[in-house]
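A short write-up of the structure that comes next.
Throughout, numbering of the chain's residues begins at 1 and tracks the sequence.
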Amino acid sequence: MSDLPSRAVTRTVKLAALPVGLAGRTVIGLGKRVGGRPAELVAHEIQQRTAEQIFRVLGELKGGALKLGQALSIFEAALPPELAGPYRATLTRLQESAPPLPASTVHKVLAADFGADWRDKFAEFNDQPAAAASIGQVHRATWHDGRQVAVKIQYPGAGKALINDFAQLSRVGRLFGVLMPGLAMKPLLDELRARVTEELDYRLEAVSQETFAQAYSGDADIFVPHAVAATDHILISEWMDGTPLSKIISEGTQEQRDRAGLLLVRMLFSSPARAGLLHADPHPGNFRLLDDGRLGVIDFGAVDRLPNGFPPFFGKLLWLVHTEGDIAVVEAELRQHGFLRPDVNVDLDALRAFLAPMADPSKHDSFKFSREWMRGEAMRVTDLRGANVGRQLNLPPSYILIHRVSTAGIGVLCQLESEGQFRAEVLRWMPGYGPEDIPEPERASGVAAEGFAGKPTGPLPG
């Protein structure tokens with residue numbers, strides 16, 4: 001990772017090849033249509049091959065390209081196994097097995113941010129990384145006061161590579177319209193670039209983490225380690241042991257899977273009301289099942305700021321879909337919030353049929369997530385046929401992280417194959433759910449009294 005800037009030319013060539021590949025496939029597709037092949041079949045082939053190329057190229061890169069690949073991973077479930085398998089394996093390998101920085105480079109970063117006497121801040125520092133990610137790696141250490149800590153060190157050059165990647169991706173944004181042509185891609189890419197760039201700001205991440213830690217302090221089910229100190233390129237947090245969800249997914253008992261899934265939903269849906277923030281990077285590497293049964297949460301570089309909790313729009317939409325309410329009201333709500341653009345006409349019966357299955361996990365008292373359900377939903381939502389309402393829907397930039405959490409969180413639940421009473425967890429924290437002429441159901445008791453204002457904390461202790 002330390003040589004990311006020196007590989008800028010190679011990275012640019014790979015990213016620039018994406019629209020060239022699309023153009024070539026489009027020309028070939030035109031020839032096939034002239035030759036009598038059905039237009040929808042040809043278009044489907046173009047979509048599949050485009051998805052394959054996108055995932056392959058992004059999976060080979062790091063920085064912003066890898067981050068975008070993670071954001072696009074929802075499409076992976078809709079791909080045939082021969083395409084999805086290699087992409088998933090590549091992404092997992094890059095996330096979990098990045099080549100470690102040499103100890104000398106780690107020491108240079110520590111000296112640059114903490115000063116030549118950086119070792120005085122630690123009673124002990126392990127030069128061997130304990131974990132790696134897309135833009136940094138984590139070392140275990142003992143803080144000067146005796147606390148066990150995790151020291152996250154940003155890869156030198158990660159910021160420049162991330163910005164360069166998005167500069168390239170913004171030029172080829174139309175390519176992603178092949179997958180979901182209803183999306184206005186440019187504003188989405190602009191918003192994604194702004195949000196992902198925030199992940200470079202370790203001081204901001206420390207404030208977000210400490211806000212979560214204080215909001216869940218003493219919680220019986222959720223644990224967030226406190227932030228200890230932060231600089232431009234270093235974030236130090238209290239160390240947290242536990243079993244990663246990736247191991248629960250591969251080896252866990254059904255009881256562990258069910259508990260992990262239920263607590264994941266509880267954390268994701270409660271945090272906007274309790275902390276004013278939404279953890280926006282729900283992949284298995286960011287969660288641990290602790291020995292005492294709590295769900296441990298780490299990595300707060302990507303958060304959505306929701307000081308007033310979830311938008312009531314979502315609760316209202318869920319209520320209407322669950323109760324088979326007036327679909328014209330649903331359409332009006334979607335237009336008002338930018339999910340249907342003014343020039344798009346949608347069949348209301350098709351809209352109802354499209355939305356209903358998406359609300360199933362929160363409609364029934366208990367629900368079983370599975371990989372098969374996920375694959376079926378992903379294929380349905382990304383169906384290339386023109387009659388598919390999903391291809392007519394837009395994603396407003398302000399909702400991009402909520403959408404990311406929804407799709408990625410559901411993906412984790414399906415990997416866990418978790419079963420539980422998710423409806424109660426969702427509706428407990430969902431404002432706007434219910435008819436408009438009666439008060440909303442009470443949210444979790446005591447939240448306001450306990451002072452969860454969702455405001456950033458003050459300076460971190462050092």
Worksheet item: Yes or no on ring pair (Phe, Tyr, Trp, His ring centres under 6.0 Å) for Y433 and F310, after CA distance, side-chain angles and deciding distance?
Response: CA-CA 11 Å; Y433 189 87; F310 277 110; over 10 Å; no

Return the [atom1] to [atom2] distance between [X] and [Y], rounded to the nearest 0.5 Å.
{"X": "H107", "Y": "I153", "atom1": "NE2", "atom2": "CD1", "answer": "8.0 Å"}
{"X": "R404", "Y": "L395", "atom1": "CZ", "atom2": "CG", "answer": "12.5 Å"}
{"X": "S270", "Y": "I222", "atom1": "OG", "atom2": "CD1", "answer": "6.5 Å"}
{"X": "N286", "Y": "D299", "atom1": "CG", "atom2": "CG", "answer": "4.0 Å"}
{"X": "L235", "Y": "D201", "atom1": "CG", "atom2": "CG", "answer": "10.5 Å"}

Between [Y] and [X], does any NZ, NE, NH1 or NH2 come within less than 4.0 Å of an OD or OE carboxylate oxygen?
{"X": "K152", "Y": "E205", "answer": "yes"}
{"X": "K316", "Y": "E333", "answer": "yes"}
{"X": "D232", "Y": "R203", "answer": "yes"}
{"X": "D292", "Y": "R294", "answer": "yes"}
{"X": "D221", "Y": "R259", "answer": "yes"}
{"X": "R305", "Y": "E198", "answer": "yes"}

Discussion item. Show the nearest heavy-atom pair for residues R423 and H322, with the distance to one decimal.
Written reply: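 Shortest heavy-atom separation between R423 and H322 comes out as NH1-ND1, 3.7 Å.
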
Worksheet item: Are H144 and F122 an aromatic pair by the rule of ring centers under 6.0 Å?
Response: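 Centroid separation for H144 and F122: 6.0 Å or greater.
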
Worksheet entry | Validation row, ring centre F313 to ring centre F339 under 6.0 Å |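 Close enough - the centres of the two rings lie under 6.0 Å apart.
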
Worksheet item: Does NZ or CZ of R274 come closer than 6.0 Å to the centre of the six-membered ring of Y216, within 45° of the ring's axis?
Response: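 Judged by the rule (NZ or CZ under 6.0 Å from the ring centre, within 45° of its axis), R274 counts as positioned above Y216.
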
Worksheet entry | Test ring pair (Phe, Tyr, Trp, His ring centres under 6.0 Å) applied to H233 and F114, step by step | CA-CA 10 Å; H233 307 101; F114 278 142; over 10 Å; no

